[in-house]
Protein chains: 2
Amino acid sequence: MGQRSRATTIADVAAHAGVSQASVSRVLNGRSSVDPEIVRRVQASIAELEYRPSPTARSLVNGRNNTVAMVVPDLENPLFQGILKGLSLAAARDGYRVLVADTAENVDDEEEIAVEARQRCDALVLCAPRMPEAKLRALVDAVSPVVVVNRPLPGADVPVVGVDYVRGIRDLVDHLHDLGHRRIAYASGPPTSASNAERRRGVAEALAAHPDVRIDEVPGGSRLDDGYAASDAVLAAHRDGCTAVIAFNDLVALGLMTRLHELGVEVPRDLSIAGFDDVPMAGFATPRLTSMSVPRGEIGGQVWLRLRTLIEGGPVEHSVLYSPRLEARGSTAAVAEGVA
Amino acid sequence: MGQRSRATTIADVAAHAGVSQASVSRVLNGRSSVDPEIVRRVQASIAELEYRPSPTARSLVNGRNNTVAMVVPDLENPLFQGILKGLSLAAARDGYRVLVADTAENVDDEEEIAVEARQRCDALVLCAPRMPEAKLRALVDAVSPVVVVNRPLPGADVPVVGVDYVRGIRDLVDHLHDLGHRRIAYASGPPTSASNAERRRGVAEALAAHPDVRIDEVPGGSRLDDGYAASDAVLAAHRDGCTAVIAFNDLVALGLMTRLHELGVEVPRDLSIAGFDDVPMAGFATPRLTSMSVPRGEIGGQVWLRLRTLIEGGPVEHSVLYSPRLEARGSTAAVAEGVA
DNA sequence: CTGTTAGCGCGTTCAC
DNA sequence: GTGAACGCGCTAACAG
């Protein structure tokens with residue numbers, strides 16, 4: 001690594017400056033006090049030789065990489081992108097870089113990838129929404145220090161940074177209820193997804209809070225085409241009396257809206273639609289998509305804070321759950337008179 | 001790195017198996033032939049002690065990280081995401097991981113970030129669409145081995161993997177011309193963006209090829225809100241006779257379509273709109289957005305191929321330019337009778 | 001085929 | 001305040 005052929009080393013600098021390697025190392029790290037004259041000479045030599053210390057050698061002796069790894073199921077998911085970006089920027093301010101490991105949705109490889117990635121880095125960020133909980137708990141112990149993103153892990157000795165999907169769904173149902181909706185369809189996410197389970201809990205709690213509401217679950221998915229394909233099931237629910245749809249996320253909602261438009265179903269007149277995540281496109285859909293906003297970048301920042309503490313040997317800091325914020329837009333509207 | 005307290009080292013394994021470190025190293029790397037009995041003992045010890053070799057120590061002695069860095073201006077850009085994903089998956093198959101460095105659109109920091117990232121890795125991928133060309137040429141020499149993404153660098157000793165924006169725009173103009181459009185507006189991208197310059201060259205060539213066509217440039221941008229905000233300029237061009245718009249990319253096109261819809265301008269009846277990149281959402285817009293498709297994942301794969309060759313000491317392989325493919329959809333249509 | 005030795009480049013004790 | 005020497009964990013020479 002470093003330069004192409006024989007990289008200049010600390011020994012070269014020492015020789016050039018007529019001092020010992022130790023002194024060079026000292027001025028490099030600002031350790032203890034060094035004679036100003038030596039400092040000057042060393043710095044001059046460093047500049048002249050264009051010396052750059054080897055991060056690898058430093059890593060070996062320091063036992064630290066200044067690198068953290070982030071394991072994600074799919075780098076193209078807008079949610080993970082935002083978190084990665086937030087993490088990357090926050091870590092950079094402390095001289096850390098982020099290694100990405102995309103598991104390509106392959107749950108079976110996740111564990112091995114995580115362990116391998118952790119091996120190369122000082123800490124790990126785990127986004128593994130579909131990993132069985134027991135497996136995740138075991139893994140988390142094996143790869144410490146680690147921070148888990150976006151799924152609850154009660155009792156585990158790990159900071160979790162995530163989104164309060166339960167509350168988000170409840171707030172969304174409240175919103176629809178206020179608009180007069182009493183029959184709602186939930187276009188669910190991937191069956192094994194932890195955040196889908198959380199959303200379903202939200203649905204259950206909402207039902208308990210609103211005895212006059214009924215919520216039917218229809219198969220959804222997590223991507224645009226899943227939403228597009230869910231139109232049949234959604235329309236069946238609509239014929240059955242549903243006046244609003246909550247989609248697993250914005251992509252599903254957007255795909256669904258596209259298909260509904262093609263079929264001549266007008267949103268929100270015939271059917272209200274709401275998504276989740278508030279991706280950039282949500283505010284630009286036609287009609288603008290009502291969604292629950294999630295602070296992706298800030299989640300990444302909070303992940304870094306906890307990671308840094310752990311790396312420095314600090315305590316396992318508190319987990320944190322962000323409450324999604326309702327972004328009420330044009331895709332949800334009051335139920336037509338006489339239908340409610 | 002490695003385990004939490006004192007990681008078990010190769011020496012522990014050697015002692016446990018009653019052999020020398022060299023032998024352990026040999027079975028670990030499958031080097032030369034080792035007595036089957038020793039192999040068995042060593043493997044048993046490795047398993048029992050749960051030994052994992054230190055990547056850092058290996059890096060130091062091998063002079064290799066098995067890591068490459070990718071520098072991007074904005075991790076949230078769908079184009080770079082797709083490339084990153086393709087690169088990450090391809091590299092993983094060869095045991096390499098990718099380090100990301102987001103420059104947050106800060107052109108002034110790009111050089112330093114690139115050098116620092118390169119220092120930690122075996123090679124570099126550079127996405128720097130706004131860096132002045134002279135600076136980029138100098139940088140490219142300093143961080144070799146390196147592959148440049150998505151901007152031409154004629155004569156430089158670097159593989160470039162990119163998109164033929166010139167041809168893409170020409171094909172797009174051909175498409176619009178076939179539909180009868182003679183007055184077209186180009187909603188341009190960031191002024192300093194290299195790919196915007198390429199697109200403008202495409203516009204110029206298209207004009208030369210179609211003397212009967214006129215193309216006006218209006219300020220666009222690169223994001224959804226830029227497109228939304230460009231509606232005034234676009235409408236002015238429309239009043240002036242333009243019947244079609246080519247946007248810098250799909251985000252601009254989508255943002256523009258949103259605003260036009262709000263203003264009651266019907267696409268494509270009143271105005272045809274085309275984008276570039278064919279992001280996933282393009283096929284789900286209303287109307288579906290005509291776009292030039294770009295193989296993001298494959299670009300990442302090609303980047304890796306060239307990177308790997310370079311890392312292994314191979315020659316600078318040929319650059320490659322992908323021709324975008326026209327995805328003609330509903331947002332572009334024939335000019336109304338009598339208007340052409 | 002195996003063990004011993006010598007570094008990779010750097011930080012850090014120790015004496016001076 | 002400074003330098004010599006050792007070690008981080010591993011691989012690659014070289015002997016045996």
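To find a chain, count down the sequence lines: A is the first, B the second, and so on, and within it residues start at 1.
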Under 4.0 angstrom, heavy atoms only, what part of the nucleic acid is Ser25(A) near: base, sugar-phosphate, or nothing? base
Quick test of your reading of the model: are Arg130(B) and Glu105(B) salt-bridged, counting only N-O distances below 4.0 Å? yes
Quick one: on DNA chain D, does Asp35(A) or Gln21(A) contact a more 5' nucleotide (nearest heavy atom)? Asp35(A)
Outermost DNA chain D nucleotides near chain B [under 4.0 Å, heavy atoms]: dG9(D) to dA13(D)
Hey, which of these two, Ile38(B) or Val61(A), hits DNA chain C nearer its 5' end, going by closest nucleotide? Ile38(B)
On a heavy-atom basis, the closest approach of Gln21(B) and Ala14(B) is N-CB, 3.7 Å
Rounded to whole Å, how long is the line connecting atom CG of Leu60(B) with atom C1' of dG7(C)? 9 Å
Net bend of the helix from dC1(C)-dG16(D) to dC16(C)-dG1(D), end axes of five pairs each, nearest 10 degrees: 50°
Which whole-number value in Å describes the distance from Leu49(A) CG to dG9(C) P? 15 Å
From CG of Asp12(A) across to P of dC8(C) the rounded distance in Å is 11 Å
For Tyr322(B), which residues count as a ring pair (Phe, Tyr, Trp, His ring centres under 6.0 Å) partner, sequence neighbours excluded? none
Could you check whether Val34(B) gets within reach of a base, just the sugar-phosphate, or nothing at all, counting any heavy atom under 4.0 Å? sugar-phosphate
Check the phosphate of dC8(C) against Asn62(B), side-chain N and O only, distance under 4.0 Å to OP1 or OP2. Yes or no? no
Select base, sugar-phosphate, or nothing to describe what Val19(A) touches, counting heavy atoms under 4.0 Å on all strands. sugar-phosphate
Among dG3(C), dC10(C), dG11(C), which is the nearest nucleotide to the side chain of Ser54(A)? dC10(C)
Quick test of your reading of the model: are Arg97(A) and Glu116(B) salt-bridged, counting only N-O distances below 4.0 Å? yes
Consider side-chain contact (heavy atoms from CB on, under 4.5 Å). Of Leu305(B), Val148(B), Val147(B), Leu321(B), which one does Val161(B) pass it with? Val147(B)
Whole-Å gap separating P (dG7(C)) and CD1 (Ile10(A)): 18 Å
Grab the CG-P distance between Asn66(A) and dC10(C) for me, whole Å please. 15 Å
Would you mind reading off the distance between Arg26(B) atom CZ and dT2(C) atom P, rounded to a whole angstrom? 8 Å
Donor-acceptor check, side chain of Asp109(B) to backbone of Thr103(B), threshold 3.5 angstrom: yes or no? no
Can any side-chain N or O of Arg41(A) pair as donor or acceptor with the backbone N or O of Ala17(A) at less than 3.5 Å? yes
Carboxylate-amine/guanidinium proximity below 4.0 Å for Lys85(A) and Asp102(B): yes
Whether the side chain of Arg118(B) engages the backbone of Cys121(B) through a donor-acceptor N/O pair (distance < 3.5 Å, no angle test) should be reported. yes
